[in-house]
Amino acid sequence: MASSEQIAKEYYDKGNSLLQANDIEAAIDNYNMAKSIYEELQEHHQYIMTLRGLAISYGIMAFDSKMLYKCLDALNYIDKYKIKGAKHYFYTIICNRYMVLGDYDSAVNYGKMALQDLEDHGTEFDNQPKPYLVACLNLAYAYLHINRYNEAELYLKRAMEIAQKNDLHNHDLSISVLNASLHHKIGDNQYVYDNIDQLVSTIQSYGININDYLADLKLLVETFCSMKEFSRAEAVAANLKSYGTIAGNYYLILEATKLYMMVYKASGEEEKYHQVCVDYAENSISLRNTEANKHLLEMDTAIALSIADTPIELL
C-alpha cells in the first residue's frame, strides 16, 4: 500500500502535469488533494510548493482574490514556521499579476521583494537558479513599461548572465522579446529586424507552456505595432490562436483575440477591429459556457456524493 507521502506526491506531480497541459481546473483539484495530505503530515516544503501551484493556477484563471488568498496563506505559513527562502515564490506570483493588470510600479515593488528574499535566503530552501532568472526578468519587464530603460537593461543583463551560466533555456523567448522591445524603445529597430527569425523560431518551439509566455507575446505585438510592422504583429496573434484552437482552449483563443484587437486598433483597420470585437464577445461566451458546464458537473457530483453518505432516515 502506498504511503501518505507517495499519494501526496502523486497528486502534486499530477497537478504540475495538468498545469503544463493547460488543464487548470483539474490541476487545482489535484493540488488541493496534495495540500490536504501535506498539511496533515506537516511537510512544510511540499505544502508551500503546493500552495504555489494553486496560486499560479488561480492567477491563470484570473481569480485574483483566490490567488491572493493562497499567497497570503503561504506567507503566513512561512512566518509561522520560520521558514527562510520561500517567500520569493509568492512575491513573484503577485508581481506577475500586477504586470498583467498594468500596475507596473506595484510589480516593481514585489519584484524587488522577490529578488531580495532570494539574495538574503536563497540557499535556505533548496532554490535553483531559475527563480533568480525569473525575478530579474520580471523587474526588466516592469521597468521597461515605466520607461526606466537603464534599470530594465540592468536586470535583463543579469537575467542573461544567469541563463548563460546555468544553461537555462526555459525563458529564451522572454529574453529575446525583452531585448527586442528594449532596443526598439531606445531607437535601435535594426536589432529587432536582425533577430526576427530567432524570435519566430522561439515562439514556434515545442515543449513550452504558452501560459508562461502570454506577457511576452503581448509585448512583442506592442513592439511590432509601434514599429508599424502590423503583418508581423498579426502573425503573432495568429500563432497563438492556432495553438489555442488545436488545444481546444477557449482561454488562449480569447487571449489571441485580444492581440488581434491591439493590432487592428493600432493599424486603423476599423472593419477588422469591429469583427474581432464581435469574436471576443463570442469567445467570452464560449469560455463562460464551458466553465459553467464544468461547475455544474462538479456541483451535481458533490450533491450525489453527499446524498450517498446521508442516512436513509434523514432523506
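The aromatic rings of Phe125 and His45 sit parallel to each other, their planes meeting at less than 30°, with 60° as the upper class boundary. Using cut-offs of 30° and 60° on the angle between ring planes, the pair Tyr110 and Tyr91 is tilted.
Minimum heavy-atom separation, Ala86 to Ile48: CB-CG2, 4.2 Å. Here the shortest heavy-atom pairing between Gly244 and Leu252 reads CA-CB, 3.8 Å. Residues Ser57 and Ala27 come closest through the heavy atom pair OG-CB, 4.4 Å. The minimum heavy-atom distance linking Ala238 with Tyr260 is given by the pair CA-OH, 3.1 Å. Listed here is the closest heavy atom pair of Ala107 and Cys95: O-SG, 3.2 Å. In terms of heavy atoms, Asp13 sits closest to Lys9 at OD2-NZ, 2.6 Å.
Under the salt bridge (charged side-chain N to carboxylate O under 4.0 Å, His left out) criterion, no residue pair touches residues 32-48, with sequence neighbours excluded.
Looking at Asp117, its side chain never comes within 3.5 Å of a backbone N or O of Met113 through a donor-acceptor pair. Asp188 places no side-chain N or O within donor-acceptor distance of the main-chain N or O of His184, the cut-off being under 3.5 Å. The backbone N or O of Val177 lies less than 3.5 Å from no partner atom in the side chain of Ser181, so there is not a single donor-acceptor pair. Panel note: side chain Ser267, backbone Val263; a donor-acceptor pair is recorded below 3.5 Å. Formation of a donor-acceptor pair under 3.5 Å by the Gln164 side chain with backbone atoms of Glu161 is not found in this model. At least one donor-acceptor pair closer than 3.5 Å links the side chain of Asn30 to the backbone N or O of Ala26.
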Verify side chain to side chain donor-acceptor pair (under 3.5 Å) between Asn16 and Gln20, making sure each step is shown before the conclusion. CA-CA 6 Å; Asn16 287 339; Gln20 289 295 314; over 6 Å; no
Apply side chain to side chain donor-acceptor pair (under 3.5 Å) to residues Glu270 and Tyr264 and explain how you reach the verdict. CA-CA 7 Å; Glu270 292 188 6; Tyr264 297 139; over 6 Å; no
Set out, in order, the CA-CA distance, both residues' side-chain angles and the distance that settles ring-ring contact (aromatic ring centres under 6.0 Å, His included) for Phe224 and Phe230, then state yes or no. CA-CA 6 Å; Phe224 282 147; Phe230 300 117; over 10 Å; no
Evaluate the criterion side chain to side chain donor-acceptor pair (under 3.5 Å) for residue pair Asp279 and Thr257; output intermediate values, then yes/no. CA-CA 7 Å; Asp279 292 342; Thr257 309; over 6 Å; no
After noting the C-alpha distance and the side-chain angles of Tyr12 and Tyr31, does the key distance pass the side-chain contact (heavy atoms from CB on, under 4.5 Å) rule? CA-CA 6 Å; Tyr12 176 73; Tyr31 283 138; 4.0 Å; yes
Side-chain donor/acceptor pairs under 3.5 Å, residues 130-147, sequence neighbours excluded:
| residue | atom | partner | partner atom | Å |
| --- | --- | --- | --- | --- |
| Tyr132 | OH | Leu118 | O | 3.1 |
| Asn138 | ND2 | Asn96 | OD1 | 3.1 |
| Tyr141 | OH | Ala215 | O | 3.4 |
| Tyr143 | OH | Lys112 | NZ | 3.3 |
| His145 | ND1 | Tyr141 | O | 3.0 |
| Asn147 | OD1 | Tyr149 | OH | 3.0 |

Side-chain polar contacts of residues 59-70 - donor-acceptor pairs under 3.5 angstrom, sequence neighbours left out - could you list them?
| residue | atom | partner | partner atom | Å |
| --- | --- | --- | --- | --- |
| Asp64 | OD1 | Arg97 | NE | 2.5 |
| Asp64 | OD1 | Arg97 | NH2 | 3.3 |

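Proximity of the aromatic rings of Tyr38 and His44 is defined here by a centroid distance below 6.0 angstrom, and this criterion is not met.
Looking at heavy atoms from C-beta onward, Lys157 lies in side-chain contact with Glu153 at the 4.5 angstrom threshold.
Cluster partners of Met33 are Ile7, Tyr11, Ile37, Leu41, counting Ile, Leu, Val, Met, Phe, Trp and Tyr whose side-chain heavy atoms approach within less than 4.5 Å, directly or via other members.
For Glu124, the side chain to side chain contact (heavy atoms under 4.5 Å, CB included) partners at least two apart in sequence or on another chain are Lys84, His121. Under the ring pair (Phe, Tyr, Trp, His ring centres under 6.0 Å) criterion, His183 pairs with Tyr191, not counting sequence neighbours.
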